[in-house]
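Notes for the one structure printed next.
It should be emphasised that the depicted structure is a prediction, and the values quoted were computed from it without experimental measurement. Basis for what follows: all heavy atoms, side chains included, without hydrogens, waters or symmetry-related copies. Sequence lines set the chain letters: A, B, ... in the order given, protein chains first and strands last, and positions in each chain run from 1.
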Amino acid sequence: SQQGEEDPQALSIQEGENATMNCSYKTSINNLQWYRQNSGRGLVHLILIRSNEREKHSGRLRVTLDTSKKSSSLLITASRAADTASYFCATESQGAQKLVFGQGTRLTINP
Amino acid sequence: GAVVSQHPSRVICKSGTSVKIECRSLDFQATTMFWYRQFPKQSLMLMATSNEGSKATYEQGVEKDKFLINHASLTLSTLTVTSAHPEDSSFYICSAREAGADTQYFGPGTRLTVL
């Protein structure tokens with residue numbers, strides 16, 4: 001069953017603006033990961049944040065994790081048209097190797 | 001580094017036939033591989049987890065006799081959809097993981113269409 005809930009389901013913004021996507025989950029986790037998927041393609045790993053971390057940066061990406069609220073957010077700053085894609089969070093629970101994916105956010109960056 | 005390939009990228013077959021999809025880790029040894037399916041505009045659903053040299057672990061609701069998974073080497077896993085039907089049409093994606101690593105690397109996916 002899907003553990004992650006993501007919001008919004010769809011987000012459309014202008015190029016240059018920041019995009020924020022949120023993810024909530026239900027069980028204790030080892031880590032939470034964010035992936036990007038362009039239409040009809042495979043997934044690209046963006047960033048992993050461990051349960052003992054609160055914030056992580058990678059280029060224009062900033063991820064936060066609040067384990068007390070069982071939630072995470074992905075911020076993309078200074079968005080570009082090439083950022084248009086679906087973004088998924090995925091959690092790895094304690095004691096399990098597998099990832100459970102959220103429903104995803106479809107992000108559209110308008111030029 | 002960390003490239004995973006899938007073959008074929010697209011396949012169209014007739015109802016009742018079997019289709020094999022290959023997943024390869026090109027530059028690392030994948031002790032664990034995962035198979036997912038994804039319906040249009042939906043998320044990825046894990047079908048099974050396979051560890052090299054042992055039987056796959058299937059998720060609840062996934063028929064192991066219909067979706068045969070083989071992970072015979074550290075760089076190759078195969079998914080065979082047996083007696084495919086139109087409802088099996090989907091996007092199948094594999095991922096691979098090294099021993100002790102946190103990250104799964106995903107293949108580009110295989111679009112299966114069953115007529």
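Following chains of ILVMFWY side-chain contacts shorter than 4.5 Å, one can reach B:Phe34 starting from A:Leu99, so the two form part of one hydrophobic cluster.
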Under the criterion side chain to side chain contact (heavy atoms under 4.5 Å, CB included), I'd like the reasoning laid out for A:Leu32 against A:Cys89: C-alpha separation, chi angles, the key distance, then a yes or no.
CA-CA 7 Å; A:Leu32 184 145; A:Cys89 68; 4.2 Å; yes
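Ranked by non-hydrogen atom pairs under 4.5 Å with chain B, the options A:Ser39, A:Ser86, A:Gly40, A:Gly104 are led by A:Gly40. For the options B:Ser95, B:Pro108, B:Cys94, heavy-atom pairs under 4.5 Å to chain A are most numerous at B:Pro108.
With hydrogens and angles left out, the side-chain atoms of B:Thr57 and B:Thr49 include no donor and acceptor closer than 3.5 Å. In the model, A:Ser12 has no side-chain atom that pairs as donor or acceptor with a side-chain atom of A:Arg106 under 3.5 Å. Side-chain contact check for A:Gln37 and A:Tyr35: no donor-acceptor pair (N or O, by modelled atom type) lies under 3.5 Å.
Neither the backbone nor the side chain of B:Gln60 comes within contact range of chain A, judged by heavy atoms closer than 4.5 Å. Contact of B:Thr32 with chain A is made through the side chain alone, with heavy-atom distances under 4.5 Å. Interface residue A:Leu48: only side-chain heavy atoms are found under 4.5 Å from chain B. Using a 4.5 Å cut-off between heavy atoms, B:Gln42 touches chain A through its backbone atoms (N, CA, C, O) alone.
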